[in-house]
Novice: 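Quick one: this structure, given as structure tokens, is what I'll be asking you about.
Lettering of chains follows the sequences in order, A, B, ..., and the numbering in each one begins at 1. Bear in mind that the values here come from a model prediction, so they are computed numbers and not experimental data.
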Number of protein chains: 2
Amino acid sequence: MSCEGETVALLRSGGHRLTPQRQRVASALQHAGGHRTVEELHALIAHEQGAPMPLSTVYRALTTLKELRAVSEIDAGGRSAFAWVDRSRPHHHLVCRGCGTERDLDPALLQRLGDAIRAATGFEAFLDHFAITGQCESCRQGAARA
Amino acid sequence: MSCEGETVALLRSGGHRLTPQRQRVASALQHAGGHRTVEELHALIAHEQGAPMPLSTVYRALTTLKELRAVSEIDAGGRSAFAWVDRSRPHHHLVCRGCGTERDLDPALLQRLGDAIRAATGFEAFLDHFAITGQCESCRQGAARA
DNA sequence: CGTACAATTGCGAATATTCGCGGAGGGAAC
DNA sequence: GTTCCCTCCGCGAATATTCGCAATTGTACG
Ligand SMILES: [Mn+2]
Ligand SMILES: [Mn+2]
Ligand SMILES: [Zn+2]
Ligand SMILES: [Zn+2]
């Protein structure tokens, strides 16, 4: 994956320094894909060759990358996880509180929300990657019967 | 405020036990209003007369009340806070990542999103109380100039 | 290329949150 | 009202996350 350039440009544009720690965290998350916990990223980085990195540095790198919208933090049910943000391809999750099943949500629906918010208030909502909790259809029917 | 009845009914309906700890946490949050941290609720409860309550019990009571949708957890910028949920009067926040200012969002916009999700997927999204981050109009203009 | 300075890291400690376990007590059944 | 069972609580320990500070190191400048 040729993603180093993207990370470099993002950090520079935000006025942040380009450090190997930030690059390694960004690279680990980009290459691992999906939703990753801090622990997972830390382990992935430890398995590489190179200096070990303390957990606190992973946390700090993720905080910086979140500020730049390069990374999103999501709370899908259990604990929080991080994902690399592809702004050109937003995606979102519907998580059922009853059975825990998860399905994706058409990003156009959230884009419409963002457009409505901007039209009504001038505020630009960052809707890159969301997890919306609720009740799936089958759990709802089960609850209605009871 | 006459809110004990509501809490009692909610706990009973969820098949949970009605304990004084849960009632005290619920009452503290209802009477304090707004967004409250665990620490704040713990302090409010400690200032009452009655047995002191360990912090872990406050956490557990809040977890239970969240499952029942009596309480919502929100992450408005800094750390997480809890609020009592009034399902008949949902409200949401727009938080600017640039300047930190916060304004309310017309709940009708999120209700439309919920309707669209239900129509498209059958999933009922719980959209009682959200904090959406982004960039306010003035910060956006400042960033565009730079 | 060498210097200067502020941003960032590593480390350990502080804080925040969750867990495991034995005992207490809510509530259903007589 | 009494009994019994299973959920829940109090406690302390484990885990997760943040913070303070001295040492390091990107980066702008000459
Ligand atoms: Mn995702
Ligand atoms: Mn609110
Ligand atoms: Zn379900
Ligand atoms: Zn702003």
Novice: If the helix axis at each end comes from five base pairs, how far does the helix from dC1(C)-dG30(D) to dC30(C)-dG1(D) deviate from straight, to 10°?
Specialist: 50°
Novice: Could you give the CG-to-P distance, from D75(B) to dT17(C), as a whole number of Å?
Specialist: 11 Å
Novice: Please collect all salt bridge (Lys or Arg N to Asp or Glu O under 4.0 Å) contacts where either partner lies in residues 128-137 of chain A, sequence neighbours excluded, each pair once.
Specialist: R69(A)-D128(A)
Novice: Got a sec, which residues hit salt bridge (charged side-chain N to carboxylate O under 4.0 Å, His left out) with E73(B), two or more places apart in sequence or on another chain?
Specialist: K66(B)
Novice: Can you tell me the distance, in whole Å, between the CG atom of L55(A) and the P atom of dC19(D)?
Specialist: 15 Å
Novice: Suppose we screen for side-chain contact (heavy atoms from CB on, under 4.5 Å). Which residues come up paired with A32(B), at least two apart in sequence or across chains?
Specialist: R36(B), L44(B)
Novice: Using a 4.0 Å cut-off on heavy atoms, which residues in residues 7-17 of chain A reach DNA chain C? List them by number, or say none.
Specialist: H16(A), R17(A)
Novice: Are I74(A) and F130(A) close enough that some pair of their side-chain heavy atoms sits under 4.5 Å apart?
Specialist: no
Novice: Just N and O in the side chain of T19(B): are any of them under 4.0 Å from OP1 or OP2 of dC9(D)?
Specialist: yes
Novice: May I ask you to decide if V38(B)'s main-chain N or O and H42(B)'s side chain share a donor-acceptor pair within less than 3.5 Å?
Specialist: no
Novice: Counting only side-chain N and O atoms of Q21(B), is one of them less than 4.0 Å from OP1 or OP2 of dG10(D)?
Specialist: yes
Novice: Taking side-chain hydrogen bond (donor to acceptor under 3.5 Å, both in side chains) as the cut-off, I'd like each qualifying pair that reaches into residues 44-55 of chain A, sequence neighbours left out, listed once.
Specialist: R24(A)-E48(A)
Novice: If you look only at pairs with a residue in residues 87-96 of chain B, which of them pass as a side-chain hydrogen bond (donor to acceptor under 3.5 Å, both in side chains), with sequence neighbours excluded?
Specialist: H35(B)-H93(B), D86(B)-S88(B), H91(B)-H93(B), H91(B)-H129(B), H93(B)-E102(B), H93(B)-D104(B), H93(B)-H129(B)
Novice: Rounded to whole Å, how long is the line connecting atom CE of M53(A) with atom P of dT25(D)?
Specialist: 14 Å
Novice: Listed by chain and number, what are the side-chain contact (heavy atoms from CB on, under 4.5 Å) partners of S56(A), not counting sequence neighbours?
Specialist: P54(A), R60(A)
Novice: Return the set of residues passing side-chain contact (heavy atoms from CB on, under 4.5 Å) with Q21(B) (not counting sequence neighbours), or none when no residue passes.
Specialist: T19(B), M53(B), T57(B)
Novice: Donor-acceptor pairs under 3.5 angstrom involving side-chain atoms of residues 107-118 of chain B: please list them, not counting sequence neighbours.
Specialist:
none

Novice: Hey, what do you get for CG (L127(A)) to CD1 (I132(B)), rounding to the nearest 0.5 Å?
Specialist: 6.0 Å
Novice: Expressed as a whole number of angstroms, how long is the span from R24(A):CZ to dG10(C):C1'?
Specialist: 13 Å
Novice: Hey, can you pull the residues of residues 33-51 of chain A with a non-hydrogen atom under 4.0 angstrom from DNA chain C?
Specialist: none
Novice: Counting only side-chain heavy atoms from C-beta out, which of dT8(C), dG12(D), dC19(D) sits nearest to S56(B)?
Specialist: dG12(D)
Novice: Return the OG to CZ distance between S72(B) and F126(B), rounded to the nearest 0.5 Å.
Specialist: 13.0 Å
Novice: At a heavy-atom distance below 4.0 Å, what parts of residues 59-69 of chain A sit against DNA chain D?
Specialist: Y59(A), R60(A)
Novice: With a 4.0 Å cutoff (strictly under), does any side-chain N or O of T57(B) reach OP1 or OP2 of dG10(D)?
Specialist: yes
Novice: Can you tell me how far CG of L62(A) sits from CG of L41(A), rounded to the nearest 0.5 angstrom?
Specialist: 6.0 Å
